[in-house]
**Q** 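Before we start, here is the structure in question, set down as structure tokens.
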Number of protein chains: 2
Amino acid sequence: MRSVDAAPEEPTTDPTAGRGPLVPAPDGSTRGRILDVAMRRFARSGFGASVRAIAADAGVSPALVIHHFGSKDKLHAACDEYVLAWIRDVKRDSIGRAAGGNLLQVLSAADQYAPLVGYVLRSLQAGGAVGREFTEHMIADAEVYTSEAVRDGVVRPSRDEAARVRYLVYSALGAMLLSVTLDPPQDAEDVTAAMRRFMDELYLPMLELFTEGFLTTRRMLDDYLLYVPDPPGGAQAPTDGTPHDHEEEP
Amino acid sequence: MRSVDAAPEEPTTDPTAGRGPLVPAPDGSTRGRILDVAMRRFARSGFGASVRAIAADAGVSPALVIHHFGSKDKLHAACDEYVLAWIRDVKRDSIGRAAGGNLLQVLSAADQYAPLVGYVLRSLQAGGAVGREFTEHMIADAEVYTSEAVRDGVVRPSRDEAARVRYLVYSALGAMLLSVTLDPPQDAEDVTAAMRRFMDELYLPMLELFTEGFLTTRRMLDDYLLYVPDPPGGAQAPTDGTPHDHEEEP
DNA sequence: CAACAGACTAAACACGTGTTCAATCGGCGC
DNA sequence: GCGCCGATTGAACACGTGTTTAGTCTGTTG
């Protein structure tokens, strides 16, 4: 019997409610519910969250979560799989609609993804498997998008496409991570709001940098290219042949 | 950023080679020794390191470190002060020599700073006071340097200088943090080596982006500038929260 | 019904943690 | 000598942790 004398919280239930799409409805099983609240608790409090806290969230005894998952580490691993599957779903769906572009934007756009985003950030912070895999996903996607954009002529080619993509993803992801780490939202559920705020504030400088650059002179780049053995890829970049509007201010 | 304007010789320059005054010599006192090893242990193992481990490193009993510092939290605070003072010293010294430029570069150049760098990274990771203050230092410095560079005509002006500086610092710091988090050096003492490797690998795309930009068309930037209330001109901060949420294009 | 299986729990176990306590040791002033 | 005080310690305390154990309950199957 699940009388559970004191279950003060767990207002977050109502699993199959008229929620938006793409939130995995936990099946009726207790195991599924534990998995769901564990993932949310990890997202909110970090992976140091105690088994007892998770059990309380789910309204069960600590022994039961061990009974179902074997150990806390295995529960952690199960949560990792859970959010990776969730991410795959979101990605597949966002490919369907023309949204395409940036997974980060899609995720931060809807509050329903707050636990997902929180979990990913926690994993990035801890150097966990989910963080690593998420980064690889983003790099792989960005590689496709940039190569298309280069082909279409809206993005400049690079002397080392792989390195550029890695740099861009690391910068974007790292800046975001640093921002929410140094200035965390008081209500831990508002991580998506914090991300939107971050984007709103820093979108202009990013756009400026991407279209106008930062330096006015090519000297640093040319000097670097001069004395450094050229990078691996055979991809050549414009030396002077491709004229750019770069030369003056509007 | 490595300044390449000089002759094409590898950075054997190493502005701090052969001298040691920039690593604070712990005074003879046991308390000083404990503080020093505690800071190093925190840098190597994170702030979850146990008092017992620190005591073992210092060759004393756990009770003694509590006796000298009152509690683990106070020891943590003392370590924060310790590394902040250290950073101030490094900065003051690096201003003396023409190195000037980037604190990150100076710090990652010399292995003697490995504990300092490690500690700062741990603090950034944990959202601690040192991380926050270090970021503010970097932003303040970058503001000075960029304004000088803009005045000298080697850097383009921005529509929002403060936001740009913040964006650049967050990107650089965040990318670095993410890199060492996702791919940590096995020997935790080699964090400076990992940073140098990171810089070597990603310096080209950064330089490319800074001098040539990323996009070939101004459309995105112009569109953004069109429908967004123009950002404060006089180095002002963004207006407030929720200024212009979702709009639809006409 | 009896028997088995699995969900579930209360209580305890084993361990690591930060911290405290009482007691030494060693030097310095009187 | 005495007395005092800080440095230093081994042992314990109080607590939180993940996990185990023994047991109860419920449902299903023969």
Side-chain angles (χ1 to χ4, degrees), chain A residues 1-10 13 15 26-82 119 122-123 125-126 128-129, chain B residues 26-82 119 122-123 125-126 128-129:
Chain A
M1 62 181 62
R2 174 171 344 133
S3 64
V4 180
D5 33 30
E9 38 190 319
E10 76 174 327
T13 46
D27 54 347
S29 77
T30 305
R31 194 195 128 105
R33 184 163 38 97
I34 294 177
L35 186 60
D36 193 68
V37 305
M39 177 250 144
R40 287 174 146 78
R41 171 57 72 182
F42 282 147
R44 214 172 327 137
S45 312
F47 297 109
S50 73
V51 171
R52 282 171 172 82
I54 294 167
D57 287 352
V60 301
S61 72
L64 188 61
V65 2
I66 296 294
H67 168 74
H68 276 304
F69 293 92
S71 74
K72 185 188 177 179
D73 276 350
K74 296 207 191 121
L75 171 62
H76 186 161
C79 286
D80 278 10
E81 269 190 54
Y82 184 71
Y119 194 97
R122 293 284 182 188
S123 185
Q125 209 167 20
Chain B
D27 54 346
S29 78
T30 305
R31 194 195 127 102
R33 184 163 38 98
I34 293 177
L35 186 61
D36 193 69
V37 306
M39 178 250 142
R40 288 174 143 78
R41 170 55 73 180
F42 282 147
R44 215 172 326 135
S45 311
F47 297 110
S50 73
V51 172
R52 283 172 172 82
I54 294 168
D57 287 353
V60 301
S61 72
L64 189 61
V65 4
I66 296 295
H67 168 75
H68 277 304
F69 293 91
S71 73
K72 185 187 176 180
D73 276 350
K74 298 210 189 116
L75 171 62
H76 185 162
C79 285
D80 278 9
E81 269 188 55
Y82 184 71
Y119 193 98
R122 293 284 181 188
S123 185
Q125 210 167 21

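Letters A, B, ... mirror the listed sequences (proteins, then strands); counts begin at 1. Since this is a predicted model, take the numbers as computed values, not measurements.
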**Q** With a cut-off of less than 4.0 Å, is there a side-chain N or O of A:S50 near OP1 or OP2 of D:dG16?
**A**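 No, because none of the side-chain N or O atoms of A:S50 sits under 4.0 Å from OP1 or OP2 of D:dG16.
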**Q** Any idea which of C:dT9, D:dA7, D:dG10 is nearest the B:L64 side chain?
**A**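 Of C:dT9, D:dA7, D:dG10, D:dA7 is nearest to the side chain of B:L64.
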**Q** Starting at the 5' end of DNA chain C and moving along, which residue's nearest nucleotide shows up first, B:R52 or A:R31?
**A** A:R31
**Q** Looking only at side-chain N and O atoms, does A:D27 offer a donor or acceptor that is under 3.5 Å from a partner on A:S29?
**A**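 Side-chain D/A pair, A:S29 to A:D27: present.
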**Q** Ignoring backbone atoms, establish whether A:H68 has a side-chain N or O less than 4.0 Å from OP1 or OP2 of C:dC8.
**A** yes
**Q** Can you say whether the rings of B:Y119 and B:H76 are parallel (under 30°), tilted (30 to 60°) or perpendicular (over 60°)?
**A**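 Taking B:H76 first and then B:Y119, their aromatic rings stand perpendicular (interplane angle over 60°).
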**Q** Among D:dT9, D:dT19, C:dG18, find the nucleotide with the atom closest to the side chain of B:A63.
**A** D:dT9
**Q** Between B:D73 (CG) and C:dT19 (P), how many Å, whole number?
**A**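 Distance, rounded to whole Å: 7 Å.
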**Q** Rounded to the Å, how far apart are A:F69 CZ and D:dT19 P?
**A**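 Taking atom P of D:dT19 as the reference, CZ of A:F69 is at 13 Å.
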**Q** Hey, does the side chain of B:R52 reach the backbone of B:P62 with a donor-acceptor pair shorter than 3.5 angstrom?
**A** no
**Q** Check the phosphate of D:dT8 against B:H67, side-chain N and O only, distance under 4.0 Å to OP1 or OP2. Yes or no?
**A**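 No, because none of the side-chain N or O atoms of B:H67 sits under 4.0 Å from OP1 or OP2 of D:dT8.
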**Q** What are the two closest non-hydrogen atoms of A:V65 and A:L75, and how far apart are they?
**A**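 Taking every non-hydrogen atom into account, CG2-CD2, 4.1 Å.
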**Q** Using atom CD1 of B:I66 as one end and atom C1' of D:dG6 as the other, report the distance to the nearest whole Å.
**A** 17 Å
**Q** Can you tell me how far C1' of C:dG16 sits from NZ of B:K72, to the nearest Å?
**A**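 Taking atom C1' of C:dG16 as the reference, NZ of B:K72 is at 12 Å.
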**Q** Given atom NE2 of B:H76 and atom P of C:dT19, what is their separation to the nearest angstrom?
**A**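 Rounded to whole Å, this separation is 13 Å.
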